[in-house]
Amino acid sequence: MSKDITSREADYSQWYIDIVRKAGLADYSAVKGCMVIKPYGFGIWEHMRDQLDKMFKQTGHVNAYFPLLIPKSFLSKEAAHVEGFAKECAVVTHYRLKNAPDGSGVIVDPEAKLEEELIIRPTSETIIWDSYRDWIQSYRDLPVLINQWANVLRWEMRTRLFLRTAEFLWQEGHTAHETREEAIAEAERMLDVYARFAEEWMALPVVRGVKTANERFAGAEETYCIEALMQDGWALQAGTSHFLGQNFAKAFDVQFSTRNNSREYVWATSWGVSTRLMGALIMAHSDDEGLVVPPRIAPTQVVIIPVPKSLPALQETIDTIASDLQSLGIRVKVDSNDQDRPGFKFAEYEKIGIPIRLAIGARDLEAGTIEVARRDTREKQSVPLAGLSTHIQALLEEIQQNLYNRALQFRTEHTTRVDTWEQFVDVLENKGGFISAHWDGTPETEQQIKEETKATIRCIPLDAPTEAGQCVRTGKPSTKRVLFARAY
RNA sequence: CGGGGUGUAGCGCAGCCCGGUUAGCGCGUCUGUUUUGGGAACAGAAGGUCGCAGGUUCGAAUCCUGCCACCCCGACCA
């Protein structure tokens with residue numbers, strides 16, 4: 001049991017906070033709702049970001065950057081959009097401070113009031129579509145496939161590190177297309193990119209689905225999502241991709257000349273994932289000893305710890321091991337700091353989730369072996385030095401796969417098919433996880449279930465087969481099962 | 001915005017009810033020595049606008065008034 005991390009069983013929320021703080025991922029800041037992402041946490045985010053960026057480029061997207069500040073009037077151009085975001089916008093009203101006459105500090109200079117107030121972007125559809133109007137004249141200008149990495153601000157009432165903070169980092173893709181079909185295909189394609197990223201890189205199994213009208217993005221015609229299941233049985237929306245129809249094109253008057261020389265509004269998508277993925281990562285894999293990071297996104301994949309008293313004799317061997325691993329592209333850290341004792345280091349590196357720990361001392365050197373400890377299972381093994389680097393390379397892959405399998409098994413065990421309301425309530429209260437049940441398709445029933453149980457429809461899975469059934473709440477006919485859960 | 005709570009060293013807390021030495025304790029930090037195969041031991045040291053502003057008093061961390069901040073629980077959310 002770790003010395004300074006609350007166990008999941010004792011208090012799951014506190015466990016989460018302890019992991020974030022004690023593993024050096026993030027801190028609270030002086031500003032309410034805003035966090036400081038610390039170097040280690042940012043290092044993991046960088047690996048996630050770099051891989052996603054690569055995948056966006058592979059699918060033909062390019063990066064650009066649009067302003068942080070958006071004229072207030074832009075937001076109201078799209079009715080549903082303003083409805084969805086107005087309540088959480090920070091507003092810039094002045095552009096200058098001055099010294100207070102009584103010397104008590106600085107005050108807002110009332111002379112410096114902006115003619116048009118600016119909002120800090122909660123998302124960038126409006127400012128981007130205002131530019132797209134000028135960029136798009138003809139079908140020859142389409143498609144526009146742009147992504148931006150940015151920070152956004154949504155003034156949240158209650159925040160949790162990574163999961164919901166006022167300011168967060170994300171990427172937002174904004175694309176423009178000639179036809180409805182092409183835009184829908186883009187939204188689906190990017191959902192697939194997210195799903196592949198989550199599964200292959202974060203070892204996080206996700207359900208691909210579409211949102212119900214209640215949960216849809218403000219201004220979208222269809223919202224696709226990937227939903228993941230956390231260890232406490234709560235669901236987490238890990239990414240969304242929206243088919244925006246012509247809503248923003250109409251709001252910002254973005255028309256183009258078609259192939260048959262008519263004028264038509266452009267079809268749009270937007271899609272994003274955020275630092276919230278860090279929260280998903282933590283809650284999917286970590287344990288009571290601390291963070292567990294999948295090898296593919298771990299800033300350090302292997303740490304080598306020598307037993308200090310025999311360090312001089314070990315130095316050469318350690319250097320060789322490290323450079324062998326590096327030459328295979330493995331990210332290695334050697335910790336020869338002799339201030340801390342090995343036992344302390346073992347605990348520290350487990351706490352921050354380094355996938356593999358190598359420990360070597362005089363005994364190993366004599367036997368020609370090294371101690372290999374894997375973080376996911378916490379197993380230790382003595383392994384011959386000969387052929388070590390290929391063994392480690394394979395082990396990293398095995399850990400990656402094991403984390404995925406473990407999470408998938410958890411999700412499978414915590415996805416329950418339910419056909420009666422009694423069962424529904426019972427599973428929700430006593431087991432948690434996803435509940436696969438029939439729903440009559442009305443927002444009213446969804447709302448009623450939410451009020452009665454706090455469970456929402458996470459998504460209608462894309463692979464849900466058509467089957468005749470009865471709504472679990474109202475008994476009305478239904479053709480598909482949807483996934484319910486309590487969600488972050 | 002409603003309900004509850006907390007502000008004292010970097011972190012976690014005691015002291016406050018019942019005002020009165022130089023405001024303590026644990027962890028961490030620094031120095032030194034011995035250690036080092038699962039979270040080391042000893043010795044010494046540094047570190048404080050007691051959230052802020054008024055008030056009562058000979059005297060306030062402690063009592064009174066006002067304010068501020070943060071946390072937890074509810075309504076909204078990636």
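Just so we're on the same page: letters track the sequence lines, and every chain starts at 1.
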Using a cut-off of 4.0 Å on non-hydrogen atoms, how would the nucleic acid contact of [X] be classed: base, sugar-phosphate, or nothing?
| X | result |
| --- | --- |
| A:F168 | base |
| A:S382 | nothing |
| A:K380 | base |
| A:I305 | nothing |

I want to confirm an ordering. Mapping A:E167 and A:I360 to their closest nucleotides on RNA chain B, which one lands closer to the 5' end?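 So the residue in question is A:I360.
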Measure [atom1]/[X] against [atom2]/[N] and give the value in whole Å, please.
| X | N | atom1 | atom2 | value |
| --- | --- | --- | --- | --- |
| A:D18 | B:G12 | CG | P | 12 Å |
| A:W155 | B:A78 | CH2 | P | 18 Å |
| A:R276 | B:A78 | CZ | C1' | 5 Å |
| A:K450 | B:G74 | NZ | C1' | 13 Å |
| A:M190 | B:A78 | CE | P | 19 Å |
| A:L52 | B:A78 | CG | P | 19 Å |
| A:Q171 | B:A78 | CD | C1' | 12 Å |

Under the rule for salt bridge (charged side-chain N to carboxylate O under 4.0 Å, His left out), what residues qualify as partners of A:R486, not counting sequence neighbours?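 Here the qualifying residues are A:E429.
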Strictly by Watson-Crick or wobble contacts shorter than 3.5 Å, is anything paired with [N], and which nucleotide is it?
| N | answer |
| --- | --- |
| B:G32 | B:C42 |
| B:U49 | none |
| B:U56 | none |
| B:G7 | B:C68 |
| B:A61 | none |
| B:C1 | B:G74 |
| B:U21 | none |

Going by atom types only, do A:T456 and A:R458 share a side-chain donor-acceptor pair under 3.5 Å?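 The criterion, which ignores hydrogens and geometry beyond distance, is satisfied for A:R458 and A:T456.
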Is it true that A:K54 and A:D50 have a side-chain N and a carboxylate O under 4.0 angstrom from each other?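 No.
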Between A:E348 and A:K345 (salt bridge meaning N to carboxylate O under 4.0 Å), is one present in this structure?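 Result for this pair is no, no salt bridge flagged.
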Can you name the residues that form a side chain to side chain donor-acceptor pair (under 3.5 Å) with [X], not counting sequence neighbours?
| X | value |
| --- | --- |
| A:Q301 | none |
| A:D338 | none |
| A:T442 | A:D440, A:T445 |

Quick one: CD1 on A:I119 to CZ on A:F74, what's the gap to the nearest 0.5 Å?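 Between atom CD1 of A:I119 and atom CZ of A:F74 there are 10.0 Å.
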Please produce a list of atom pairs where a protein N or O lies less than 3.5 Å from an N or O of nucleotides 67-72 of chain B.
| residue | atom | partner | partner atom | Å |
| --- | --- | --- | --- | --- |
| B:C71 | OP2 | A:K32 | NZ | 3.3 |

Enumerate the residues from residues 337-351 of chain A whose closest heavy atom to RNA chain B is under 4.0 Å, giving them by residue number; use none for an empty result.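 Heavy-atom cutoff 4.0 Å gives A:R341, A:P342, A:G343, A:F344, A:F346, A:A347, A:E348, A:E350.
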Between [options], spot the one nearest the side chain of [X], thanks.
| X | options | result |
| --- | --- | --- |
| A:V307 | B:C76, B:U36, B:G38 | B:U36 |
| A:A362 | B:G37, B:A78, B:U36 | B:G37 |
| A:R357 | B:A78, B:U36, B:G38 | B:G38 |

Under the 6.0 Å and 45° cation-pi test, does A:R276 pair with A:F168?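 So A:R276 doesn't make the cation-pi contact.
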Is there a donor-acceptor pair under 3.5 Å between the side chain of A:W234 and the backbone N or O of A:G432?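 Here the side-chain-to-backbone pair does not exist.
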Taking A:S29 for its side chain and A:C34 for its backbone only, find out whether a donor-acceptor pair lies under 3.5 Å.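 Yes: the side chain of A:S29 pairs with the backbone of A:C34.
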Which value, in whole Å, describes the distance between the C1' atoms of nucleotides B:G2 and B:C76?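 Per the computed distance, 15 Å lies between those C1' atoms.
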What interatomic distance, in whole Å, is found between C1' of B:A9 and the corresponding atom of B:G28?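 Comparing C1' positions in B:G28 and B:A9 gives a spacing of 11 Å.
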